[in-house]
Amino acid sequence: MESKSGKKPYSVELASSLFALALIIGFLYVTQSVIVPLLFAIILSMTLYPIASFFENKLRFGKAAASIMAVIIAILIISTLIWFIVHQSIIIGKDAVAIQEKVLAAVESIQNWIQSQFGLERSEVIQKMKEQGNNALENVGGYMSTAFGSIGSTLAGVILVPIFIFFLLYYRDFFKEFFFKAFKNTDNKKIHAVLSKIYEVVQSYCLGLVMVMGIVAVLNTVGLMLMGIQYAWFFGSMASLLMLLPYIGIAIGSILPALFALATKDSALYAVGVIAWFQVVQFLEGNIITPNIVGSKVSINPLMAIIAILLGGMIFGLAGLILALPMFATLKVIFDAIPSMEPFGYLIGEPEKEHLKRNATQELLQKWGIVRKPKKFLTPTVVESASQDDTNSTDKKL
């Protein structure tokens, strides 16, 4: 039943908002071959906007030329990273024979340990390894077909993303006016504030992530160098690049240098040390580095961040794991601007300090009027003063 003012009930507004959100998610899933490159382009264009603005305003380039220069700089940076990874991989590959011998020696020692601990003969261990290998090889065809089948979409994405970025930078004012036209019933200042907030959140996340990745790469490399691990810069940088996968990137990145340490060092303690150091770096990154660099501009609580990553992986696969946090941060800004969705924006955000205190439950119930605040007993001095004030006021009235 609608109120006299014509405003729809909250339940109707909430149901319509959730239904629209479900339709959007379904649309994204069906059209992901186009949407995923577009989402990457939107995020990168927001990150590259200061570069385009510098060429346009400081160096007096035209808008088209400034947008092209921003895209070229991004391509050069990404190409340099790819060249570094490929070049280092080739160098490591040259030592493959020596590494293989040490890996075989490590496998030999593992077999001896299994035989001494569990009483399994080497032949049994080798037989089980062969069985597992055969099971894995049965699926190689499927894995290879999936990999080669995705090459076409990957190449299409590589071509489409720079094109999308150029047009998003070149037509940015055109797209902004679209939002003013699309939401005529909303105050234009509010639309502008929401768009500015989305830009600020996404740019803070991306630029902050780049800075954090650089710091983590240095910390990883220093730890590997102190342990005497070869190719420390390569392994440290690779692990930092895997931070594109939130929460699990550094942990995954520690596996390769740990295996390399196991194969090239005389003691397995080096591999344990690599994993332990990377976990220390991950702790520093999550609790000190990222909060101080990114700050409170990307305020998503860890539980909602994990849920966002899982949902992103379900919808878009590996790309969804990378896109999850910036897209969820954007959703929070939009939810905060829509009255019916504001509670969900609050749910995504970081809890306040009052929610984490020891007696937070009692204060929360008092805040919302469920439990009354305890009455404060007046001291005799306060009671005497109050009585004297009452007497004076009565005398004045008489």
Can you tell me if M225 has over 12 outside heavy atoms packed within less than 6.0 Å of its CE? yes
Answer whether the closest heavy-atom distance between the side chains of I289 and L219 falls below 4.5 Å. yes
So for atom CZ, which belongs to F175, do other residues, nucleotides or ligands contribute more than 12 heavy atoms lying within a distance under 6.0 Å? yes
Measure the spacing between OG1 of T361 and CD of E363 and express it to the nearest 0.5 Å. 9.5 Å
Any chain of hydrophobic side-chain contacts (each under 4.5 Å) joining L59 to L48? yes
Establish whether L23 and F316 are linked, either directly or via other cluster members, by ILVMFWY side-chain heavy-atom contacts under 4.5 Å. no
Applying the side-chain contact (heavy atoms from CB on, under 4.5 Å) criterion to F278, which one of L224, I252, V216 satisfies it? L224
Looking at residues at least two apart in the chain, or sitting in another chain, which of them share a ring pair (Phe, Tyr, Trp, His ring centres under 6.0 Å) with H355? none
Should T47 and Q203 be marked as a side chain to side chain donor-acceptor pair (under 3.5 Å) after you check the CA-CA gap, both sets of side-chain angles, and the distance that decides it? CA-CA 5 Å; T47 308; Q203 190 181 65; over 6 Å; no
Let me confirm one number: the OH-CD1 distance from Y205 to I43, rounded to the nearest 0.5 Å. 8.0 Å
Taking all non-hydrogen atoms of both residues into account, name the closest pair between I275 and A258 and its distance. CG1-CB, 3.8 Å
In terms of hydrophobic clusters joined by side-chain contacts under 4.5 Å, are W233 and V210 together? no
Heavy-atom closest pair (V161 atom, P37 atom, distance to 0.1 Å) is CG2-O, 3.7 Å
Residue pair V212 / E285, side-chain heavy-atom distance below 4.5 Å: yes
Closest heavy-atom contact between L347 and M304? O-CG, 3.6 Å
What is the minimum heavy-atom distance between A337 and V194, and which atoms define it? CB-CG2, 3.5 Å
Check: I75 main-chain N/O paired with S79 side-chain donor or acceptor under 3.5 Å: yes
Just do the salt bridge (charged side-chain N to carboxylate O under 4.0 Å, His left out) check on E177 and K184 with the steps written out, would you? CA-CA 11 Å; E177 187 165 3; K184 289 184 178 180; over 6 Å; no
Any chance OH of Y270 has more than 12 other-residue heavy atoms, nucleotides or ligands included, within less than 6.0 Å? no
Using the side chain to side chain donor-acceptor pair (under 3.5 Å) rule, collect all pairs that involve residues 316-337, keeping only residues at least two apart or in two chains. K332-D336
Compare every heavy atom of T221 with every heavy atom of G236, then report the nearest pair and how far apart it is. CA-OG1, 3.8 Å
Could you grab the distance from atom CD1 of I24 to atom CD1 of I35, nearest 0.5 Å is fine? 11.0 Å
Can you check side chain to side chain contact (heavy atoms under 4.5 Å, CB included) on Q32 and Y29, steps first, answer last? CA-CA 5 Å; Q32 59 181 297; Y29 179 78; 3.8 Å; yes
Once the angle between the rings of H87 and W83 is folded into 0 to 90°, is it parallel (under 30°), tilted (30 to 60°) or perpendicular (over 60°)? parallel
Hey, could you give me the CD1/CD1 distance between I82 and I77, rounded to the nearest 0.5 Å? 12.0 Å
Can you measure from CG (L321) to CG (L244) and round to the nearest 0.5 angstrom? 10.5 Å
Spell out, as yes or no, whether a donor-acceptor pair under 3.5 Å connects the side chain of S196 to the backbone of H192. yes
Under the side chain to side chain contact (heavy atoms under 4.5 Å, CB included) rule, what do F235 and V274 come out as? Steps first, then yes or no, please. CA-CA 11 Å; F235 291 123; V274 170; over 6 Å; no
How close do M46 and Y199 get, counting heavy atoms only, and between which atoms? O-CE1, 3.5 Å
Just wondering, do S67 and E56 contact through their side chains at under 4.5 Å, heavy atoms? no
Considering only heavy atoms from C-beta outward, does the side chain of I198 approach that of I334 to under 4.5 Å? yes
Apart from F179 itself, which Ile, Leu, Val, Met, Phe, Trp or Tyr residues share its cluster (side-chain heavy atoms under 4.5 Å, direct or through members)? F178, F180, F183, I191, L195
Between S240 and S237, is there a donor-acceptor pair closer than 3.5 Å when you use the side chain of the first and the backbone of the second? yes
Kindly work out whether a path of hydrophobic side-chain contacts (I/L/V/M/F/W/Y, heavy atoms less than 4.5 Å apart) joins L303 to L311. yes
Would you indicate whether the side-chain heavy atoms of K265 and M227 approach each other to under 4.5 Å? no
Note, F84 side chain near Q88 side chain (heavy atom, < 4.5 Å): yes
Answer with yes or no whether the hydrophobic clustering places I315 together with L318; edges join I, L, V, M, F, W, Y residues whose side-chain heavy atoms lie under 4.5 Å apart. yes
At what distance, to the nearest 0.5 angstrom, does CD1 of I163 lie from CG of L38? 12.5 Å
Please step through side chain to side chain contact (heavy atoms under 4.5 Å, CB included) for the pair V201 and K197, ending with a clear verdict. CA-CA 6 Å; V201 166; K197 181 66 175 177; 4.0 Å; yes
Quick check: do F40 and I322 have side-chain heavy atoms less than 4.5 Å from each other? yes
Does the side chain of I309 reach to within under 4.5 Å of the side chain of L245, using non-hydrogen atoms? no
Between Y231 and F260, what is the ring plane arrangement, given parallel below 30°, perpendicular above 60°, and tilted in between? perpendicular
F283 vs Q279, side chain to side chain contact (heavy atoms under 4.5 Å, CB included): CA-CA, chis, key distance, verdict: CA-CA 6 Å; F283 174 81; Q279 294 306 309; over 6 Å; no
Quick one: is the NZ or CZ of K63 closer than 6.0 Å to the six-membered ring centre of Y170, and within 45° of its axis? no
